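Have a look at the structure below before the remarks.
Residue numbering restarts at 1 for every chain, and letters A, B, ... go by the order of the sequence lines. Side-chain atoms are counted along with the backbone in the values below, which use heavy atoms only and exclude waters and symmetry mates. The structure presented is a predicted model; accordingly, all values stated were derived computationally and were not measured.
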Amino acid sequence: GENVEQHPSTLSVQEGDSAVIKCTYSDSASNYFPWYKQELGKRPQLIIDIRSNVGEKKDQRIAVTLNKTAKHFSLHITETQPEDSAVYFCAASSGGSYIPTFGRGTSLIVHP
Amino acid sequence: DVKVTQSSRYLVKRTGEKVFLECVQDMDHENMFWYRQDPGLGLRLIYFSYDVKMKEKGDIPEGYSVSREKKERFSLILESASTNQTSMYLCASSLLRGEQYFGPGTRLTVT
């Protein structure tokens with residue numbers, strides 16, 4: 001089955017800095033890569049996703065890049081703000097089922 | 001607006017008790033999922049269901065069972081609760097292909 005590795009497990013940045021979270025996956029058939037944000041005490045929510053026919057996707061301060069050859073994808077957050085502090089999960093899923101396998105999460109702390 | 005609700009936010013049960021966690025979604029989604037979330041281990045899939053009365057084991061099904069009698073409702077059952085099942089349980093639903101919508105979670109403590 002699919003295996004997703006996520007790094008780092010904890011990321012501490014100053015407000016205004018950029019943050020990058022990286023994930024690798026094992027199944028070359030994976031074709032859908034969502035990112036979820038979970039604020040403290042709240043449920044995970046989708047913030048951005050990318051499909052395998054696209055190399056990059058941007059939404060305001062958030063971008064995701066995908067390298068299918070190397071089987072890795074990354075989340076980039078620019079101009080970080082304290083409200084970006086949360087746990088971020090990457091996921092990968094393959095085939096027609098879109099049942100995702102999640103990474104272990106990255107705790108992002110943005111210091112004011 | 002998608003809504004996924006879970007029957008309890010907090011639950012305390014004794015070892016050996018039978019525990020029912022219920023999840024309801026109001027968006028006619030085909031897929032429903034049960035995850036457990038533990039610090040440092042991320043979201044681990046217990047069971048999922050892609051249709052009424054259909055279920056598939058996830059990565060950690062041991063000690064759990066599920067029931068989906070209606071499309072909108074997916075129940076997780078701990079037949080005999082044990083202390084190592086103390087955890088946060090998250091339910092989610094999705095269309096056949098796409099974004100998952102999570103419930104608020106149930107923090108279960110087994111003493």
| Full working for side-chain contact (heavy atoms from CB on, under 4.5 Å) between B/Tyr101 and A/Leu46 | CA-CA 8 Å; B/Tyr101 294 86; A/Leu46 182 78; over 6 Å; no
| Same apolar cluster: B/Phe102 and B/Leu11, side chain cutoff 4.5 Å | no
| request: Determine whether A/Ile77 and A/Val20 fall in the same hydrophobic cluster, where Ile, Leu, Val, Met, Phe, Trp and Tyr are linked whenever their side-chain heavy atoms lie under 4.5 Å apart. | output: no
| Take atom CD in A/Gln60; do more than 12 heavy atoms of anything else shown fall under 6.0 Å from it? | no
| field | Neighbour count above 12 (heavy atom, 6.0 Å) for A/Glu79 CD | value | no
| field | Heavy-atom side-chain proximity of A/Pro34 to B/Glu99 below 4.5 angstrom | value | no
| said: Does A/Arg61 have more than 12 heavy atoms from other residues, nucleotides or ligands lying within 6.0 Å of its CZ? | reply: yes
| said: Under 4.5 Å between side-chain heavy atoms, counting indirect links through other Ile/Leu/Val/Met/Phe/Trp/Tyr residues: same cluster for B/Met88 and A/Val87 or not? | reply: yes
| request: Sort A/Gln6 into side chain, backbone, both or neither according to what part of it lies under 4.5 angstrom from a heavy atom of chain B. | output: neither
| said: Counting only non-hydrogen atoms closer than 4.5 Å, can you tell me which residues of residues 102-112 of chain A sit against chain B? | reply: A/Phe102, A/Gly103, A/Arg104
| task | Report, by ascending residue number, the residues of residues 35-55 of chain B in heavy-atom contact with chain A at a distance under 4.5 Å; give 'none' if the set is empty. | result | B/Tyr35, B/Gln37, B/Gly40, B/Leu41, B/Gly42, B/Leu43, B/Leu45, B/Phe48
| message | Tell me if the CD atom of A/Gln45 is crowded by more than 12 foreign heavy atoms within 6.0 Å. | response | no
| query | Does NZ in B/Lys71 sit with more than 12 non-hydrogen atoms of other residues, nucleotides or ligands closer than 6.0 Å? | reply | yes
| Pairwise distance CD(B/Gln100) to CG(A/Asp49) - rounded to 0.5 angstrom | 11.5 Å
| query | For A/Pro100 and B/Phe33, which heavy atoms make the closest approach, and how far apart are they? | reply | CD-CE2, 4.5 Å
| task | State plainly whether one hydrophobic cluster holds both B/Ile77 and B/Val24, where clusters connect Ile, Leu, Val, Met, Phe, Trp and Tyr through side-chain heavy atoms under 4.5 angstrom apart. | result | no
| task | Of all the heavy-atom pairs spanning A/Gln38 and B/Leu90, show the shortest one and how long it is. | result | NE2-CD1, 4.3 Å
